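Remember, it's a predicted structure, so these values are computed and weren't measured experimentally. Read the numbers this way: they start at 1 and go in the same order the structure lists the ligands and their atoms.
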Amino acid sequence: MTAGLNSETILIRGSRIIDPARNVDAVGDVLIRGGSIASAGGLVPPDAVPSGSLVMEAEGLVTSPGFIDIHCHLREPGFEYKETIATGAAAAARGGFTTICCMPNTEPAIDNAAVVEYIRHRAAAEAVVRVLPIGCVSKSRHGKELADMEELAAAGVVAFSDDGDPVYDDNLMRLALTYSRDLGLPISNHCQEPSLSRHGVMAEGWTATRLGLPGIPAAAEETMIARDISLAELSGGKLHVAHLSTAGSVALIRGAKERGIPVTAEVCPHHLTINDRWALGDHGNGDVSGAASYDTSTKVYPPLRQDRDVEALIEGLVSGVIDCVATDHAPHDVASKEVTYQDAAFGISVLETALGSLMGLVHAGRFTLPTLIERLTAAPARVLGADYLPLATLGPGTSADVVVFDPSRQWTVDTSQFLSKGKNTPLEGTVLTGAVVCTIAGGQVAYQDPTGAVSRSNSNPQDR
Ligand code: NCD
């Protein structure tokens, strides 16, 4: 929590309020009282804001529900040298996220109620945003035997996944989807057929060949998505496809939705904005001098793909075939990345650059700001289920989970400023447009940028 910057009453004055769940896009004031939204829209009368309240003059800024990330890696317990619940939550707040769902590839894995309890306890003590755990599909994520999904659900997990690995076994996935139907919780599968992807470290194609690196074909992802769609149809379970990366995957999800099969899907900021040529050092300006080639921070599951995939993913997100954005924030320590491309760990640290990268697409006219915000708020809440919709709106009486951001502010990515322990991003040194100014979670200031836009009113704002 930002010391000294909390108050019973917070007023965000004069921003563009975008609340897709209520179809609101208008300039007005947002008033927060006692941790809840008192009003969002219109003008707040000065006598509603007692002296000593926090006031933010937010003209030219955008206020929306805090973002919801249904896929991130917080590394605790077991890999605290990469990230902790506290540092991951702080990074999330800096990125504008107020609810984050953490994947169970920890050590021990989140495959029983005691680990869920541990995470909830640590989050309550240390996290500045809401942390919702995702439980394993299989015991220890070994893919052999189902975890006790009922126990995990009772302990409070919001979904199931063996992320980092797929649920390999067809029958185990069928069983898991059957439990998912009965428990009403989604299975988020990392779709990647291992016999096709086994030694691959980047997308199969021209760039991989040029670099002499083994490739992962698009079919590795698509064959498993096709299998999962069949199993979702068979079982009626809630299938959620994690980090979609290929044009063929978008077509599969579109087909399944047209047939009424219960499937949802997410896409990550990096798959929407950069391609496999970044591994060659080509950041879109044609410079392949070699200095930035074999940059291990471009190594990620699923791999960065080609332009036609990026285009299909953008179109899929705009049309709603892909439900939402999720970061797949995968922080790693330096030692896991400062090795050869083949030996490096897979993963990108994303929470703090997500908004800036995605705003690039808004500024390029690829989608509107309200659409982007919908895909970061109401849409991921819908994937989790109706109970989570109140976390994705500024409706009066809901928890004050709010982000205020400047859609036009340019900033240079400097990982030494990251609150995440993971400095592993290919965007280091890149100029992004769109920056979080303040994040409020449950009515508490969880992050405020160095401009200090939030200040305490010494007097009635009427006099200011
Ligand atoms: C993830 C990680 O590091 O936990 N890495 C990644 O590249 N996305 C796990 C995973 O999804 O493979």
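For ligand 1, the atoms lying closer than 4.0 Å to a non-hydrogen atom of Val300 are 7 (O). Heavy-atom contacts of His190 reach the following atoms of ligand 1: 10 (C), 11 (O), 12 (O) (cutoff under 4.0 Å). Interface of Gly347 with ligand 1, defined as ligand atoms under 4.0 Å from a residue heavy atom, comprises 5 (N), 6 (C), 7 (O). Interface of His243 with ligand 1, defined as ligand atoms under 4.0 Å from a residue heavy atom, comprises 11 (O). Shown in contact with Ala330 at under 4.0 Å from a heavy atom are these atoms of ligand 1, numbered in order with element: 1 (C), 2 (C), 3 (O), 5 (N).
Annotation for His121: atom NE2 does not count as buried by contact number, only 12 or fewer foreign heavy atoms lying within 6.0 Å.
In this structure, Tyr341 and Tyr294 have perpendicular ring planes: the angle between them is above 60°, well past the 30° mark. Aromatic ring orientation, His71 versus His243: tilted (interplanar angle from 30° to 60°).
Between Glu233 and Arg259 there is a salt bridge, with a side-chain nitrogen of the basic residue lying less than 4.0 Å from a carboxylate oxygen of the acidic one. One finds no salt bridge joining Glu315 and Arg254 here, because no Lys/Arg side-chain nitrogen approaches an Asp/Glu carboxylate oxygen to under 4.0 Å. Asp276 has no carboxylate O lying under 4.0 Å from a charged side-chain N of Arg210, or vice versa, which leaves the two without a salt bridge. A salt bridge links Glu311 with Arg366: at least one charged nitrogen is closer than 4.0 Å to a carboxylate oxygen. At a threshold of 4.0 Å, the pair Arg130-Asp401 counts as salt-bridged, since one of the basic side-chain nitrogens sits closer than that to a carboxylate oxygen.
With a 4.0 Å heavy-atom cut-off, ligand 1 is reached by no atom of Asp165. With a 4.0 Å cut-off on non-hydrogen atoms, Asn105 touches ligand 1 through its side chain and not its backbone.
The protein heavy atom nearest to atom 1 (C) of ligand 1 is His73 NE2, 3.7 Å. Remark: minimum distance from atom 9 (C) of ligand 1 to any protein heavy atom is reached at Gly164 CA, 3.6 Å.
Considering backbone and side-chain N/O atoms, Asp328 comes within less than 3.5 Å of an N/O atom of ligand 1. Residue Phe346 has at least one N or O atom closer than 3.5 Å to an N or O atom of ligand 1. In terms of N/O distances under 3.5 Å, ligand 1 is approached by Tyr301.
Partner Arg141 forms a salt bridge (Lys or Arg N to Asp or Glu O under 4.0 Å) with one of Asp165, Asp162, Asp111 and no other, that one being Asp165.
Residue contacts with ligand 1 include Arg75, since one or more of its heavy atoms lies under 4.0 Å from the ligand. Note on ligand 1: His332 sits in its first shell, one or more heavy atoms being nearer than 4.0 Å.
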